Amino acid sequence: MSTEKIRTRFAPSPTGYLHIGGVRTALYNYLFAKKNKGKFILRIEDTDLTRSDEKFTRPIMEGLKWLGLDWDEGPYYQSKRKDIYDFALKELIDSGEVYRCFCTPEELAQRREENRQKGGDTGYDGRCLRLTEDEQADLEKSGLPYAWRIKTPDSGFIKFEDLIKGEVSFPADTIHDFVILKSDGMPAYNFACVVDDSSMDITHVIRGDDHISNTPKQILIFDALKIKPPRFAHLPQVHGIDGKRLSKRTGAVSLAEYQEKGYLPAALRNYLALLGWSTEDSQQLFTEDELENKFDLSRVGKSAGVFDIEKLNWMNGKFIRDSSASDLANEARPWLEAAGIIEKGDDISDRIKKAIELEKEKFMLLSDIPSKIDILIKDSILYDTKAVTKRLKKEGVRDVLEGIIPILQKEQEFTKDGLEKAFRVFCEDKGIGAGKLFHPVRVAVSGRTTGPGVFELLEFLGKDRVLERIEVALKEYVE
RNA sequence: GGCGGCAUCGUCUAGCCUGGUCUAGGACACAGCCCUCUCAAGGCUGCGACACGGGUUCAAAUCCCGUUGCCGCUACCA
């Protein structure tokens with residue numbers, strides 16, 4: 001065991017919302033750091049001045065926090081670290097590892113297209129490397145903007161040992177001299193990434209495997225800088241149900257959407273952890289501590305996974321059922337307010353918590369809560385047409401309901417046990433099946449065929465409201 | 001096209017390194033049954049996979065080679 005202090009990082013670029021695949025990458029970085037008592041660092045990769053926007057950094061950070069992925073350091077912004085990249089570039093200039101390139105992006109794109117048509121190599125042809133010193137000086141004097149390219153070897157192999165994929169090897173001649181400093185003065189991705197990973201002492205680079213072909217380029221930069229590269233772990237991709245990269249068409253892709261739909265952070269974390277990682281016994285449900293203790297990069301799979309919303313839904317319901325009514329009520333506050341079940345800023349009453357407790361096993365999402373408990377909380381209810389037809393517009397219902405009223409009135413305690421006993425006796429006396437009474441009563445007092453057990457329902461509503469609703473039902477719906 | 005990665009139930013996966021205990025285990029979904037005043041929850045049962053083709057071996061999901069398929073990269077984007 002080395003005593004090396006583990007440091008991981010999540011490095012999103014602020015060019016849009018927080019993608020769910022990115023969130024999983026962040027989670028794995030976080031878990032790996034926690035598991036090894038290391039540090040998790042947040043770095044914002046905003047070197048693309050045209051696509052980056054400050055307005056995206058906030059939702060990214062809020063999303064991470066919501067999921068419980070708090071970072072130990074940062075956020076560092078690459079756009080504010082220009083001096084560091086310039087310094088590294090200076091080193092490479094001094095050691096002769098880089099050269100100026102005066103080709104414009106347009107020229108490059110055109111040449112690339114031509115080469116592609118011809119079916120040839122699309123990489124940079126190294127023409128600026130062949131510029132004579134005089135030519136170079138002239139071009140520079142003319143004020144033409146230029147970029148810096150790194151010299152890459154044209155024979156041999158670039159290999160590295162990936163913690164997940166094993167040994168990965170690239171023929172060097174497939175990697176052409178690439179730009180490390182753009183003509184606007186900003187570092188290109190691979191350069192900024194290398195300089196930062198090294199200056200931030202990142203020990204393990206854990207990222208999506210769409211970066212695997214960037215890795216040899218980065219290794220080349222590390223080598224040129226004479227720095228030992230970190231360890232790499234390339235995570236398999238997360239795909240949509242169509243097997244392609246996750247896209248809007250195949251479901252929600254932004255973390256915010258899951259939050260808005262009523263998923264619990266703990267459930268999403270659990271689900272995402274299992275999308276690519278597993279324990280030997282295939283354990284499905286984890287507490288936060290278990291996740292941090294059991295997570296292990298060596299047990300991350302190699303193949304891409306499909307994001308399965310059905311399983312997430314099940315897991316969310318599972319976590320909801322395991323939550324206390326009081327915690328649930330607090331988590332559900334935004335939805336309760338939106339539904340008018342509580343006023344903005346009000347305390348959540350014990351009555352609401354009790355209602356949540358009664359219906360807890362039926363929620364899949366937090367957003368399901370209001371529509372399930374409203375019949376218990378609101379003053380007036382809507383009668384479902386189908387429920388009315390099925391249970392109230394039947395022969396004998398009037399007799400039964402009218403007959404039960406005095407029984408209800410007589411009930412002093414109005415507890416579920418007492419009520420049940422009274423109801424069963426009533427059925428016995430009348431010689432009718434329990435269903436003949438229970439079903440109409442449920443619909444009469446709740447307007448629905450579904451909900452808590454009738455006696456829990458009656459007890460919760462209380463005598464006055466029960467009687468009142470039965471009267472309404474009798475008057476409006478029963479024939 | 002070139003380069004790279006990947007391949008076990010519909011989906012997430014265990015097993016593969018260290019061949020036999022695998023008539024391939026778990027979970028979601030689906031179907032049925034049980035429980036039951038409804039809806040759920042829960043329990044039980046069922047359906048369902050080693051991509052294909054060659055080797056190696058007494059024995060292969062596991063090792064080797066090839067084929068196919070899928071995905072990614074191939075930018076002065078990250």
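In this text the structure is predicted, and so the values were computed from the model without any measurement. Residue numbering restarts at 1 for every chain, and letters A, B, ... go by the order of the sequence lines.
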For this session: Between B:rC3 and B:rG19, how far apart are the P atoms? Round to whole Å, please.
Result: 33 Å

For this session: In whole angstrom, give the distance that lies between atom CG of A:Leu268 and atom P of B:rC28.
Result: 18 Å

Problem set entry | Heavy-atom donor-acceptor pair, A:Lys362 side-chain to B:rC39 base, under 3.5 Å | yes

Problem set entry | Proximal nucleotide (of B:rA78, B:rG26, B:rC76) relative to the A:Tyr189 side chain | B:rA78

Seminar exercise, completed: By the Watson-Crick or G-U definition, both distances under 3.5 Å, B:rA49 is matched with none

Problem set entry | Short side-chain N/O contact from A:Arg391 to OP1 or OP2 of B:rC37, under 4.0 Å | no

Exercise. Should A:Lys430 and A:Asp399 count as an ion pair when the cut-off is N to O under 4.0 Å?
Worked result: no

Exercise. For A:Ser183, which contact category applies under a 4.0 Å heavy-atom criterion: base, sugar-phosphate, or nothing?
Worked result: base

Exercise. Under 4.0 Å between a side-chain N or O of A:Arg299 and OP1 or OP2 of B:rG15?
Worked result: yes

For this session: Starting at atom CD of A:Glu359, determine the distance to atom P of B:rU38, rounded to an integer number of angstrom.
Result: 14 Å

Problem set entry | B:rA41 - base-pair partner by Watson-Crick or wobble geometry, distances under 3.5 Å | none

Exercise. Rounded to the nearest Å, what distance is computed from the CE atom of residue A:Met186 to the C1' atom of nucleotide B:rA78?
Worked result: 12 Å

Exercise. Can you tell me how far C1' of B:rA78 sits from CD1 of A:Ile212, to the nearest Å?
Worked result: 17 Å

For this session: Could you check whether the rings of A:Phe438 and A:Phe455 sit parallel, tilted or perpendicular, using 30° and 60° as the cut-offs?
Result: perpendicular

Problem set entry | Under 3.5 Å on both distances, the Watson-Crick or G-U partner of B:rC17 | none

Problem set entry | Paired nucleotide for B:rC9 [Watson-Crick or G-U wobble; both distances under 3.5 Å] | none

Exercise. To the side chain of A:Leu275, which of B:rC12, B:rC77, B:rA14 is closest?
Worked result: B:rC12

Exercise. Measuring from A:Tyr28:OH to A:Leu235:CG, what's the distance to the nearest 0.5 Å?
Worked result: 6.0 Å

Exercise. Is A:Asn214 side chain donor-acceptor paired with the B:rA78 base, going by distance under 3.5 Å alone?
Worked result: yes

Problem set entry | A:Phe423 side chain near A:Leu458 side chain, heavy-atom distance below 4.5 Å | yes

For this session: Over 60° means perpendicular and under 30° means parallel, so classify the ring planes of A:Phe286 and A:Trp277, tilted if in between.
Result: tilted

Exercise. Separation of A:Phe455 atom CZ from B:rC37 atom C1', in whole Å?
Worked result: 7 Å

Problem set entry | Counter-base of B:rU74, judged by Watson-Crick or G-U geometry with both distances under 3.5 Å | B:rG1

Problem set entry | Side-chain donor/acceptor contact of A:Thr174 with base of B:rC3 under 3.5 Å | no

Problem set entry | Interatomic distance, A:Tyr271 OH vs B:rA29 C1' [rounded to whole Å] | 12 Å

Exercise. Is the NZ or CZ atom of A:Arg81 both under 6.0 Å from the centre of the six-membered ring of A:Tyr76 and within 45° of that ring's axis?
Worked result: yes

Seminar exercise, completed: note: A:Lys436, atom NZ; B:rU38, atom C1'; distance rounded to Å ~ 15 Å

Exercise. A:Arg149 side chain N/O closer than 4.0 Å to the phosphate oxygens (OP1, OP2) of B:rC76?
Worked result: yes

